[in-house]
Amino acid sequence: MTEGNSLLPPFRTRPPVSTRQAEVMAARLFNLNIADPTSIKEMDSYQDRNFYMRGSLMRGDEKMGVSPCKEYVLKVINHVDSNNGCLIEVQGKLMVFLQARGYNCCTPVPSISTTLFVKCKIPRCAQDASVSLETDSIALETNGVALEGDSVALKTDGVALETNGVALERYSVSLETDGVALETNGVALEGDNVALETACVALEIGSGPVESNNNRCFDTLHSVNSTRSLVGGIEIYDGKDYSKEEYFVCAVLLLNFVRGKTLNEIPLNTELLFNAGMTVGRLDQDLMDFGCSRLDRPGFLWNISRFVDNVERCLQAVDDKHHVKMVREVCESFRQEVAPKLHLLPKHIIHGDASYSNIVVTPEKEIGLIDFGEMSYTCHIFELAISLMYILNVKDYLSCGRTRTAGYFFRGISLG
């Protein structure tokens with residue numbers, strides 16, 4: 001499938017982001033100080049990149065935890081869905097709305113510019129993820145001697161800093177020049193106001209002396225925007241034209257992590273299914289109160305009201321003729337019997353993917369919800385259809401059979 005083929009939905013390529021790049025992006029864009037980089041783990045996702053990480057949020061010289069939770073997920077959304085910034089904004093606001101209603105759900109952490117997400121330009125071909133001055137502490141050392149001169153080059157671990165007038169000291173760096181070039185891994189950064197920053201290093205040029213401190217981070221993206229370069233060729237997107245053959249533009253979010261296990265990871269019982277169903281049922285009732293204009297998503301692949309067109313154009317990839325015949329019969333039945341009556345059904349915003357992999361059971365046995373990427377304004381009944389489809393196909397269903405397993409879940413929804 002290709003993006004240029006009008007017969008098929010746009011192909012969503014997972015952004016080529018490494019664990020190391022995710023660490024730097026979390027630090028630079030959200031001021032997340034990660035004490036142990038080995039705690040970062042990539043999580044399952046078929047079209048985005050999700051990275052689990054532990055750390056402390058920083059603002060100025062003080063630690064300011066946005067929530068009691070010290071666990072986070074850095075989410076890099078695929079380039080197709082990243083085109084809809086308004087949708088991502090609504091998704092973030094919806095999570096906050098549900099948290100205020102008492103739901104145990106993931107919520108976005110504001111970036112250092114107070115936005116819910118930051119768009120980044122990511123090379124389609126992965127580059128070396130190393131960055132300059134990557135050390136556990138500041139590594140600009142000359143045995144206590146300052147280096148000054150008309151032309152100085154400092155090289156350490158493959159990193160070169162070059163300028164026409166440089167003073168370098170341990171824990172205190174001042175780059176005094178109107179035009180500065182920083183070179184690392186073949187990438188040149190130039191400008192009157194240049195910032196180079198990692199989780200424990202912050203360098204700023206053109207706005208006064210530079211401070212380096214493990215507890216010091218900036219409150220805005222002003223310094224970051226001056227260079228825009230983050231790590232491994234990844235840059236903050238400036239809104240200008242770019243080569244789509246060379247880059248993806250992807251939205252990056254930091255979400256609070258919901259600790260627990262999903263329904264498909266634990267043994268099921270009737271009480272658990274009932275409580276999960278009640279949570280989904282209550283969710284749909286609360287979503288009716290969400291103050292948002294109609295969230296239509298033209299061309300949305302998972303819109304059940306248009307599933308016939310979406311499914312039929314993909315049948316060319318199915319080799320089994322018997323399966324193709326069955327699918328065509330279902331599509332025709334929907335086209336003749338269901339589609340003409342859709343306008344009669346009540347509509348509002350739904351989660352759209354309340355499946356066994358997005359319903360979380362916390363250590364306190366509470367029910368949590370994650371992954372709001374499929375939310376849309378559509379028929380209320382579709383929420384039930386999607387959830388029941390997954391429950392009917394859960395691997396470890398109850399001994400009473402799949403139908404009754406789904407029945408306990410449905411009973412909870414009806415009382416939610």
Side-chain angles (χ1 to χ4, degrees), residues 1-17 42-50 75-84 122 124-126 244-245 248 250 262-265 268 297-342 350-359 370-376 378-379 381-398 401-406 409-410:
M1 292 187 292
T2 63
E3 293 182 41
N5 190 337
S6 60
L7 297 178
L8 297 173
F11 187 72
R12 288 163 168 78
T13 302
R14 295 176 70 206
V17 176
E42 184 168 1
M43 306 171 69
D44 290 338
S45 178
Y46 66 91
Q47 63 184 20
D48 302 322
R49 292 279 183 184
N50 296 323
K75 186 177 188 67
V76 186
I77 301 176
N78 68 80
H79 69 293
V80 176
D81 293 336
S82 292
N83 285 330
N84 196 340
I122 301 173
R124 285 178 177 258
C125 296
K244 294 185 179 180
E245 288 71 33
F248 294 120
C250 301
T262 57
L263 281 184
N264 60 336
E265 295 178 319
L268 297 178
R297 298 179 66 174
F300 180 46
L301 180 61
W302 304 114
N303 188 340
I304 295 180
S305 63
R306 292 192 289 267
F307 99 92
V308 171
D309 294 335
N310 292 333
V311 169
E312 287 186 332
R313 62 186 178 182
C314 294
L315 285 177
Q316 57 183 293
V318 181
D319 295 327
D320 190 310
K321 294 183 179 179
H322 177 63
H323 288 169
V324 171
K325 182 175 181 294
M326 285 195 301
V327 171
R328 291 196 183 281
E329 289 176 352
V330 172
C331 287
E332 186 59 28
S333 176
F334 185 93
R335 183 183 290 113
Q336 296 295 327
E337 300 178 27
V338 179
K341 302 174 183 177
L342 287 177
I350 67 170
H351 180 285
D353 196 15
S355 65
Y356 49 61
S357 59
N358 290 327
I359 298 175
I370 60 175
D371 194 353
F372 290 81
E374 313 298 347
M375 60 177 285
S376 64
T378 189
C379 297
I381 193 65
F382 291 166
E383 188 87 277
L384 174 62
I386 293 168
S387 295
L388 285 180
M389 181 274 295
Y390 279 103
I391 296 299
L392 282 168
N393 288 280
V394 69
K395 182 179 179 181
D396 297 319
Y397 54 89
L398 303 182
R402 293 184 186 275
T403 302
R404 289 194 176 184
T405 297
F409 182 80
F410 176 74

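We use all heavy atoms of the structure for the numbers below, so side chains are in, but hydrogens, waters and symmetry mates are not. These figures come from a predicted structure and were not determined experimentally.
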Applying side-chain contact (heavy atoms from CB on, under 4.5 Å), name anything that partners [X], two or more places apart in sequence or on another chain.
| X | answer |
| --- | --- |
| Met389 | Asn393 |
| Asn264 | Thr262, Tyr356, Ser357 |
| Ile381 | Leu345, Cys379, Leu384 |
| Ile386 | Ile304, Tyr390 |

For [X], give me all partners under salt bridge (Lys or Arg N to Asp or Glu O under 4.0 Å), at least two apart in sequence or on another chain.
| X | result |
| --- | --- |
| Glu329 | Lys325 |
| Asp48 | Lys75 |
| Arg306 | none |
| Glu42 | Arg14, Arg49 |

Drop me the distance from [X]'s [atom1] to [Y]'s [atom2], to the nearest 0.5 angstrom.
| X | Y | atom1 | atom2 | answer |
| --- | --- | --- | --- | --- |
| Glu374 | Asp353 | CD | CG | 5.5 Å |
| Thr378 | Asn303 | OG1 | CG | 4.5 Å |
| Asp371 | Asn50 | CG | CG | 7.5 Å |
| Leu263 | Phe409 | CG | CZ | 7.5 Å |
| Phe248 | Thr13 | CZ | OG1 | 4.5 Å |

Hey, are the side chains of [X] and [Y] touching, using non-hydrogen atoms and a 4.5 Å cut-off?
| X | Y | answer |
| --- | --- | --- |
| Val311 | Val330 | no |
| Val318 | Val327 | no |
| Leu342 | Phe334 | yes |
| Gln47 | Asp81 | yes |
| Ser355 | Asn358 | yes |

Heavy-atom pair with the smallest gap, counting every atom of Ile77 and Pro15: O-CG, 3.8 Å
Heavy-atom closest contact (Ser82 atom, Cys250 atom, distance):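 Of all heavy-atom pairs spanning Ser82 and Cys250, the closest is OG-CA, 3.3 Å.
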Contacts of type side-chain hydrogen bond (donor to acceptor under 3.5 Å, both in side chains), residue Ser376, not counting sequence neighbours: none
Asp319 atom CG: more than 12 heavy-atom contacts under 6.0 Å: no
Pairs touching residues 331-341 that satisfy salt bridge (Lys or Arg N to Asp or Glu O under 4.0 Å), sequence neighbours left out: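 Non-adjacent pairs meeting salt bridge (Lys or Arg N to Asp or Glu O under 4.0 Å): Glu312-Arg335, Glu332-Arg335.
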Partners meeting ring pair (Phe, Tyr, Trp, His ring centres under 6.0 Å) with Phe372 (sequence neighbours left out):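 So Phe372 forms a ring pair (Phe, Tyr, Trp, His ring centres under 6.0 Å) with His351.
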